[in-house]
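Side-chain atoms are counted along with the backbone in the values below, which use heavy atoms only and exclude waters and symmetry mates.
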Amino acid sequence: MYLKDAIETRINNLCKEQNITINKLCTICGITQSTLANLKVRPKTNISTLTLLRICRGLNISLQDFFMDPIFKNTDFEDE
């Protein structure tokens, strides 16, 4: 698994938990929908730290809380 895939999964799971769509999250965070769509569409796209911080703020969680998910316990992420 690639790290970007784990991040994408975590974002999707948090949106489900908070009962919001990805589009709503983008509106809340002030980022474009294409920013998150590129994670799925373009395999080599990486999310910036600033974008991830904005997403965490939009979800009212810290970066630490974001990465505390068990999906990130895997230390064998593949390089792209």
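- Residues satisfying the side-chain hydrogen bond (donor to acceptor under 3.5 Å, both in side chains) criterion with Thr49, sequence neighbours excluded, are absent altogether.
- With hydrophobic clusters built from ILVMFWY side chains whose heavy atoms lie under 4.5 angstrom apart, Ile61 shares a cluster with Leu63.
- Residues that satisfy the side chain to side chain contact (heavy atoms under 4.5 Å, CB included) test with Ile22, not counting sequence neighbours, are Ile11, Asn12, Cys15, Cys26, Leu36.
- Screening residues 29-39 for salt bridge (Lys or Arg N to Asp or Glu O under 4.0 Å) gives no qualifying pairs among residues at least two apart or on separate chains.
- With sequence neighbours left out, Asp65 forms a side-chain hydrogen bond (donor to acceptor under 3.5 Å, both in side chains) with Ser62.
- Taking the side chain as every heavy atom from C-beta outward, Ile20 and Leu59 approach each other to under 4.5 Å.
- Under the side chain to side chain contact (heavy atoms under 4.5 Å, CB included) criterion, Asn23 pairs with Thr21, Gln33, sequence neighbours left out.
- Criterion: ILVMFWY side-chain heavy atoms under 4.5 Å apart, direct or through other members. Under it, Leu14 and Ile71 are part of a common hydrophobic cluster.
- Between Asp5 and Phe77 the shortest side-chain heavy-atom distance does not fall below 4.5 Å.
- Taking Asp69 as the reference, Arg10 meet the salt bridge (Lys or Arg N to Asp or Glu O under 4.0 Å) condition, with sequence neighbours excluded.
- For Phe67, the ring-ring contact (aromatic ring centres under 6.0 Å, His included) partners two or more places apart in sequence, or in a different chain, are Phe72.
- Residue Gly58 comes nearest to Cys29 through the heavy atom pair CA-SG, 3.8 Å, listed as atom of the first residue, atom of the second, then distance.
- Remark: Thr51 pairs with Ile31, Thr35, Ile47, Ser48, Ile55 by the side chain to side chain contact (heavy atoms under 4.5 Å, CB included) rule, at least two apart or across chains.
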